[in-house]
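Encoded as structure tokens, the structure appears first; notes follow it.
Below, read A as the first sequence line, B as the second, and so on, with proteins coming before strands; counting in each chain starts at 1.
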2 protein chains.
Amino acid sequence: MNKRRDDYIVQPVMKALQVLEHVARQSHEVTLTEIVSELKLPKTTVFRYLQTLSAASFIHHDQKRDRYGVGVGFRALAKADRKLQRLRNLAHPEMVELMETFNETVNLAVLSDRYIVYVDMVEPNRAMRIHARVGDRHPVHSTSLGKAIVAFLPDSREDLFQGDWLRPMTIKTLTSAKAFRRQMDDVRRRGYAIEMGENEDGLMCIGVPFFDSAGYPLAAMSLSAPERRMKPDVTVHAVEALKNAARRISIQLGARFEGGAFAPLEPAHS
Amino acid sequence: MNKRRDDYIVQPVMKALQVLEHVARQSHEVTLTEIVSELKLPKTTVFRYLQTLSAASFIHHDQKRDRYGVGVGFRALAKADRKLQRLRNLAHPEMVELMETFNETVNLAVLSDRYIVYVDMVEPNRAMRIHARVGDRHPVHSTSLGKAIVAFLPDSREDLFQGDWLRPMTIKTLTSAKAFRRQMDDVRRRGYAIEMGENEDGLMCIGVPFFDSAGYPLAAMSLSAPERRMKPDVTVHAVEALKNAARRISIQLGARFEGGAFAPLEPAHS
DNA sequence: ATAGCCAGTTTCGCCTTGCGGAACAACGGG
DNA sequence: CCCGTTGTTCCGCAAGGCGAAACTGGCTAT
């Protein structure tokens, strides 16, 4: 089927990965010579790879005992990946159910560097064109997803909506820091965010955040639909359904809710 | 302190690790050009690294959408590492306590390729010399650690003690498959393994296994001491203490015990 | 339809730089 | 104290990694 895709394989990388794999597969920390005799690679070569892998902290070099084991860098990566995978796996079934209930698109997004980025998306079988793809970025201030997350961020992240970042996307986009801050208060009070044609004309979204065990808003989920389809009664239903789903997911992520609060811990604001 | 240790850094490896890290750090699958514009590396180069990382299945290449994400190989490694780390972390405090109670060496070992390998070790402040180090391998049939694990392995692993592997280590080492099998029955019945001078003259060990949630004997822990120090009453105490500690650890590893059984699930033997 | 654009793939020749044998140093055990 | 073993450094060769640029194929906009 494919030609020879190993034309593009870079040997040093491939061999270094073998070394990494071997080290991580052992149940104990290993010595240089152990690796060499196992992988049948020249000693000098393995030595260099180990130095490189150590420098990248994928591998830990125990100087005293001259043994190599899994490094903190590798573990950090693995942990970050696990966290996201878990989030996606927990959220997806709820997203499918919401999509089926309302027959509208449901999005999952996280905050990344002043933007929200779409991480998952479930779409109904309608002709209406999709407006975003997994991996796309949108501004924080013009999306319900962004608002839902930012509202529950600690105060230290206020930099996210300083004046010059409030770029107008449509005629309705909020561009004043004051108005935005007021909306944030609403979001915190009600537990969900609304956006109406502020990001794309004629499109409205309802967004709700998920919290981890530290009360941090890891991600948000939104239902987005053409404004004219979202009659007031549907909107009310959708808000409830989204909030309930988000609460279930948050609880599975380890968040604890006290009483009827929307956020598990008191968010760090006035 | 160190001279210039970056003399031995292999650029392709280092840069490929950057690519891997970047891909894994993103909350979504990324495209080639995204990586390129982020890492400021030539497109061709990144392309080659991605091919290589994919070939090693550290990265997954979604052919349809031309996007790259974390691969199954990486996740498998991470998982294996987590499992071991967890084992060590759970066992260590119990090992320290056992060591303090009996003032003897406590070992932790796993099965690896027909040998048991020491994964952790806690030693008392005595003059008596240590007889093993973390990373050392010993035969399965001459150690209490090996016996404790093998006894609870499914029948399919009987190959581990075929005749020619029963090498004598001391005059007391069991060398007949028949005698060994009988001991395995005893171990299963009593829930612990004993070894008296079969691996090293004058040294005795008591070994107990840990089980994971699937009822598989992940590892074993042993108390080892000079034979003459281990009077019968001390031995009885030690056996109880070891079995209790092992049960606590197994439960934390997800194993479920029914009634007073030594193994969480009925091991696959007659 | 068709042209233009953009992302991914392939080619190709230069010359960097990775390679590995071998010599060296540093332990550690007998 | 000496030998064997393991980790580190050196060095010259050429393998093969590199990246500019050309190419392809799919998508959009007109």
Side-chain angles (χ1 to χ4, degrees), chain A residues 1-19 22-23 28-56 59-69 129-137, chain B residues 1-19 23 28-56 59-69 129-137 200:
Chain A
M1 180 172 276
N2 299 320
K3 3 208 138 166
R4 44 233 143 104
R5 77 169 14 171
D6 28 333
D7 273 1
Y8 294 105
I9 291 205
V10 182
Q11 259 81 354
V13 173
M14 195 50 131
K15 286 184 282 180
L17 290 176
Q18 277 177 45
V19 171
H22 181 81
V23 170
H28 54 95
E29 310 211 313
V30 292
T31 63
L32 171 60
T33 17
E34 279 180 282
I35 304 171
V36 165
S37 70
E38 201 75 35
L39 298 187
K40 311 268 165 60
L41 290 172
K43 192 161 55 159
T44 316
T45 306
V46 175
F47 176 69
R48 269 191 285 252
Y49 293 159
L50 286 170
Q51 295 286 321
T52 309
L53 289 161
S54 298
I59 275 190
H60 167 76
H61 182 193
D62 184 336
Q63 313 250 2
K64 291 194 216 308
R65 304 188 305 134
D66 252 313
R67 281 171 173 274
Y68 297 87
R129 84 178 184 99
I130 54 171
H131 74 294
R133 294 189 182 185
V134 171
D136 282 358
R137 292 162 177 272
Chain B
M1 181 173 276
N2 299 320
K3 9 207 134 169
R4 44 226 145 114
R5 75 170 14 170
D6 30 332
D7 273 2
Y8 293 105
I9 290 203
V10 182
Q11 302 305 340
V13 173
M14 196 49 128
K15 287 184 282 180
L17 290 176
Q18 277 177 45
V19 171
V23 170
H28 55 94
E29 312 211 311
V30 291
T31 63
L32 171 59
T33 18
E34 280 181 284
I35 305 172
V36 165
S37 70
E38 203 74 37
L39 297 187
K40 311 266 163 63
L41 290 172
K43 191 160 58 158
T44 317
T45 305
V46 174
F47 175 67
R48 269 190 286 251
Y49 293 159
L50 286 171
Q51 295 286 321
T52 310
L53 289 160
S54 299
I59 273 189
H60 167 76
H61 182 193
D62 183 336
Q63 311 250 2
K64 289 194 218 307
R65 303 188 305 131
D66 252 314
R67 281 171 173 276
Y68 298 87
R129 85 183 182 96
I130 55 171
H131 74 295
R133 294 190 182 184
V134 171
D136 281 358
R137 292 161 175 274
E200 196 176 320

Please report, rounded to the nearest Å, how far the C1' atom of C/dC27 is from the CZ atom of A/R65. 16 Å
For A/F47 and C/dG18, what is the distance between atoms CZ and C1' respectively, to the nearest whole Å? 15 Å
Would you tell me if any nitrogen or oxygen in the side chain of A/Q11 comes within less than 4.0 Å of OP1 or OP2 on D/dG17? yes
Can you check the A/L39 CG to C/dG20 P distance for me, whole Å? 13 Å
Mind listing the closest non-hydrogen atom pair of B/R65 and A/V134 along with its distance? NH1-CB, 4.0 Å
Nucleotide D/dT8, atom P - distance to CG of A/L32 in whole Å: 7 Å
Side-chain N or O of B/R133 less than 4.0 angstrom from OP1 or OP2 on C/dG29? yes
Both A/V10 and A/E34 contact DNA chain D. Taking the nearest nucleotide for each, which residue is further toward the 5' end? A/E34
Candidate pair B/D66 and B/H61, rule side chain to side chain contact (heavy atoms under 4.5 Å, CB included), full reasoning: CA-CA 7 Å; B/D66 252 314; B/H61 182 193; 3.3 Å; yes
Any side-chain N or O of A/T44 under 4.0 Å from OP1/OP2 of C/dG21? no
Atom CD1 of A/I35 to atom P of D/dT6: distance rounded to whole Å? 13 Å
Between A/Y49 and C/dG18, does any side-chain N or O lie under 4.0 Å from OP1 or OP2? no
Which pair of heavy atoms, one from A/E29 and one from A/G69, lies closest together, and at what distance? OE2-CA, 3.8 Å
With distance as the sole criterion, do the side chain of B/K43 and the base of D/dG19 form a donor-acceptor contact below 3.5 Å? no
d(CG, A/L50; P, C/dC19) in whole Å: 13 Å
Identify the heavy atoms of B/I35 and B/L50 that sit nearest to each other, and give their distance. CD1-CD1, 3.8 Å
In whole angstroms, the gap separating C1' of D/dG17 from CG of B/L41 amounts to 13 Å
Please tell me which of A/K15 and A/K64 maps to the more 5' nucleotide of DNA chain C, matching each residue to the nucleotide holding its nearest heavy atom. A/K15
Does a side-chain N or O from A/Y8 land closer than 4.0 Å to OP1 or OP2 of C/dT10, or not? yes
Donor/acceptor link under 3.5 angstrom from B/R48 side chain onto base of D/dG19: yes
Side chain of A/T33 only, please: which of D/dT6, C/dT9, D/dC18 is the nearest? D/dT6
Kindly say if B/T45 contacts the phosphate of D/dC18, meaning a side-chain N or O under 4.0 Å from OP1 or OP2. no
Residues B/L53 and B/A16: closest non-hydrogen pair is CD1-O, 3.8 Å
Output the rounded distance in Å from CG (B/D7) to P (C/dT17). 13 Å
Counting heavy atoms from C-beta on, name the nucleotide in D/dG7, C/dT9, C/dG18 closest to the side chain of A/P12. C/dG18
